[in-house]
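Note sheet for the following structure.
Note that the structure is predicted; figures quoted are calculated from it, not measured.
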Amino acid sequence: MDRRTALGLGTVATAGTVFGSAVPAAADPAEAATTGGGDRERLAARIAAVFQRESTRAGGNWQAYVSLTGPDGPLVAVDESADLRIEAYSVNKIAVAVAVLDKVDRGLLTLDHQVEVTQAIVVTGGDGIFSLDGAYPSLVTIGHVLANLLTVSDDTAVRLCGLVCPAAELNQILVAKGFPNTQVQPVANPNRFFLGTSTPRETHDLLRALVGGTLLSPASTDLVLRLLRSPVAFTDGVRREMSSAERARVATKAGWFVDARHEAGVIFDTAGAPLVTYALFADGQAGADDFGATHPAVQARARWGRRVMDLTAGFGGAGVAHRRHTYRPSNGG
């Protein structure tokens, strides 16, 4: 790892930030505040220091891009192999949803359009709930498919998206939106694909465009963020050590396969404005057969998320604010 990058030197330093020796009494020495510059430059450096500490502790390979939103644009905190094109796995389900919703926005598809869930299309043994139904065929709406795609990371939902947005069309949509490295991998069946590749920078930029309102319509944007911020969305990583209210401020999507453990998302301030955008890709750690919360990279992201939430307390984001949908538990009835 390039320690200058991990500690924010380069991007942060260009804003006039220089590391000093003074450390607040309550601060971790690894998160030493900077002297000079502004509060956001110091915050970016501390976020970078947490990443450096936790990624080193977890070991393996890390490719990451993290920025802090500011009034003058994003301030880069972490830039670690950010342009390396790698297998994004289920993080690319965000890109799949974007392509499907682009067709909705253009009037080529509707959320209440129904697709058939046949036994042949179900991915068995993987993630999601369609494989647990045990009764096929059934009909579900595109809205239902997307809800399962972005919350419980349903693998069958990927194939159902392919029925309405084939691989070639999906890739063309992403290229047209400015994401040539974020591409699914076509197979012989034009309606099926592997989830393909991206780079940390492109995943970060896609998320920035989403929350900035330049990627999809307001309604489609709200749908994606509502799903990624929902209580049932991924909680083992960045959101694990957070209250329910704090989790609702984080839109996140994880991806895992073989020895890779990825996660990307946005942390919003209390008013709903985007504050921190992150793309954290990791592979090569121990425990390749552990897909739970105890994997070293997943634990690292959980510690990073908790610390970043604490560090950003009192800071405001910038740009379009996205309201939080109220969580109301139900007891049935």
- Item | Step-by-step ring pair (Phe, Tyr, Trp, His ring centres under 6.0 Å) determination, H144 to F130 | CA-CA 11 Å; H144 186 73; F130 283 119; 5.7 Å; yes
So, [X] versus [Y]: side-chain donor-acceptor pair below 3.5 Å or not?
| X | Y | value |
| --- | --- | --- |
| Q114 | T141 | no |
| R85 | T197 | yes |
| S153 | K93 | yes |
| H295 | D236 | no |
| D105 | S217 | yes |
| T252 | E263 | yes |
| S67 | Y278 | no |

Any chance you could measure [X], atom [atom1], to [Y], atom [atom2], to the nearest 0.5 Å?
| X | Y | atom1 | atom2 | value |
| --- | --- | --- | --- | --- |
| H262 | W62 | NE2 | CH2 | 10.5 Å |
| R201 | T203 | CZ | OG1 | 11.5 Å |
| Q183 | L174 | CD | CG | 6.0 Å |
| F291 | W256 | CZ | CH2 | 9.5 Å |

- Query: Among T277, T69, T214, which residue meets the side-chain hydrogen bond (donor to acceptor under 3.5 Å, both in side chains) test with R208?
  - Reply: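 When T277, T69, T214 are each tested with R208, the side-chain hydrogen bond (donor to acceptor under 3.5 Å, both in side chains) holds only for T69.
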- Query: Can you tell me if D259 uses its side chain to pair, donor with acceptor, with the backbone of D283 under 3.5 Å?
  - Reply: no
- Donor-acceptor contact below 3.5 Å, side chain E80 vs main chain Q63: no
- Item | E116 CD: over 12 foreign heavy atoms closer than 6.0 Å | yes
Grouping I, L, V, M, F, W and Y whenever their side-chain heavy atoms are under 4.5 Å apart, do [X] and [Y] come out in a common cluster?
| X | Y | result |
| --- | --- | --- |
| L163 | V123 | no |
| V266 | I47 | no |
| I142 | V184 | yes |

- Query: Do R229 and F268 meet the cation-pi criteria used here (NZ or CZ under 6.0 Å from the six-membered ring centre, within 45° of the axis)?
  - Reply: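 Pair R229/F268 counts as cation-pi.
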